[in-house]
2 protein chains.
Amino acid sequence: MTIQNRPAFTTEEVARAQTYKARDYPSNVDPRIESLVREMISGFADKWTVVILDTLWDEGTLRFSDLARHVTGISQKMLTQTLRRMERDGLVVRKTYACVPPKVEYSLSPLGLTLGAAFCNVWIWAIENHDAVAAARTTFDGDE
Amino acid sequence: MTIQNRPAFTTEEVARAQTYKARDYPSNVDPRIESLVREMISGFADKWTVVILDTLWDEGTLRFSDLARHVTGISQKMLTQTLRRMERDGLVVRKTYACVPPKVEYSLSPLGLTLGAAFCNVWIWAIENHDAVAAARTTFDGDE
DNA sequence: CGGTATCCACTTAGATACTG
DNA sequence: CAGTATCTAAGTGGATACCG
């Protein structure tokens, strides 16, 4: 298996992914599972979580202040909050050094790395399709 | 290429995905691109967008009220709002029938389908790892 | 440096009522 | 049925100040 060895999705590939997911993970197997998954997605699918995941995935290990620099626009409060939640969910590993001044390093856990791998296609999609989205917006706004 | 023919990610696969993304889409090519992508991700990575995308990906075409039934917990207002934004971004196609009572059908556009394909691994990750996350939370909460 | 705590402005989202 | 409009409660997030 290759997670990703070519960026774009052809119509056939989309259809195949759909068939695959429907076959192995039918949405109606167990409504409780379905709702649990919804709950999980709701938890991870927020602005900052995804961006931090992306950053740590790209950069590896970062100190708190370096992370703040990379994640443009985030406040210290939200960075702390989001990192705590990700740590609690087992996605992020926090390593503190007992020195002065304090030093804290963040990195993705093995679980976090697998989530990063799963998100890889989404990031690539974003890179490749941001023109298409911009165009769609212009069209939509033009004849609204 | 197979988008997905086996669920789990091994360490090697994670490493390969990472190398791939870093090589073809280095995070430092163009800071403007990077920030645009961040902006896009921020836009799509909200609770309802992802769940609606998931639902339409699984179900194909749905009427407004069917969508409301599938997406448990969403208010009519948020459903309308999110669908409008997704339509504006070119992800969703809205088809209205001039009849009484009114009938409106929503489905994913070709662009939306490719985003769904990109998200496929994330959904599968959520299905497969929700136990791991629950366990991580218990551990974290236990010795806090 | 890497936080925590408090306060406050702003946004968001649910409930409700109404419409084509 | 598929919305829109309005109001309001609750949550979010930024600024600031302070601590280990």
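Every chain is numbered from 1 and lettered A, B, ... according to where its sequence line falls, protein lines coming before strand lines. All heavy atoms count here, side chains included; hydrogens, waters and symmetry mates do not. Predicted model, so just to flag it, every value in this text is computed and none were measured.
Between A:Arg63 and the phosphate of C:dC1, there is no side-chain N or O to OP1/OP2 separation shorter than 4.0 Å. Within the 4.0 Å cut-off from OP1 or OP2 of C:dC1, not a single side-chain nitrogen or oxygen of A:Ser65 is found. Between A:Tyr106 and C:dC1 there is no side-chain N or O to OP1 or OP2 distance below 4.0 Å. The side chain of A:Arg94 contributes no N or O atom lying less than 4.0 Å from OP1 or OP2 of C:dG2.
The heavy-atom pair separating A:Val122 from B:Ala118 by the smallest distance is CG2-O, 3.5 Å. Heavy-atom minimum distance, A:Arg137 versus B:Asp89: NE-OD1, 2.6 Å.
A straight line from CD of B:Gln76 to P of C:dA15 spans 12 Å, rounded to a whole angstrom. Whole-Å rounding puts the A:Glu105 CD to C:dG3 C1' distance at 16 Å. A:Glu87 places its CD atom 15 Å from the P atom of C:dG2, with the value rounded to the nearest Å.
For DNA chain D, the span of nucleotides reached by chain A at under 4.0 Å from its heavy atoms goes, 5' to 3', from D:dG13 to D:dG20.
To the nearest 0.5 angstrom, B:Trp48 atom CH2 is 12.0 Å from B:Leu83 atom CG.
Ring geometry, A:Phe44 versus B:Trp125: the interplanar angle exceeds 60°, so the pair is classed perpendicular (tilted spans 30 to 60°).
Hydrophobic cluster membership differs between B:Val93 and B:Leu53, with clusters built from Ile, Leu, Val, Met, Phe, Trp and Tyr side chains linked at under 4.5 angstrom.
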task: Evaluate side-chain contact (heavy atoms from CB on, under 4.5 Å) for A:Ile41 paired with A:Arg38, printing each intermediate quantity in order.
output: CA-CA 5 Å; A:Ile41 291 178; A:Arg38 288 278 158 83; 5.8 Å; no
- request: Test side-chain contact (heavy atoms from CB on, under 4.5 Å) on A:Met78 and A:Asp46 and set out the steps.
  value: CA-CA 12 Å; A:Met78 288 314 299; A:Asp46 77 295; 5.8 Å; no
Quick one: which protein N/O atoms are closer than 3.5 Å to N/O atoms of nucleotides 11-14 of chain C? Pair and distance per line, please.
{"residue": "C:dA13", "atom": "N7", "partner": "B:Lys77", "partner atom": "NZ", "Å": "2.9"}
{"residue": "C:dG14", "atom": "OP2", "partner": "B:Ser75", "partner atom": "OG", "Å": "2.9"}
{"residue": "C:dG14", "atom": "O6", "partner": "B:Lys77", "partner atom": "NZ", "Å": "2.6"}

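With hydrogens and angles left out, the side-chain atoms of B:Tyr25 and A:Glu128 include a donor and acceptor closer than 3.5 Å.
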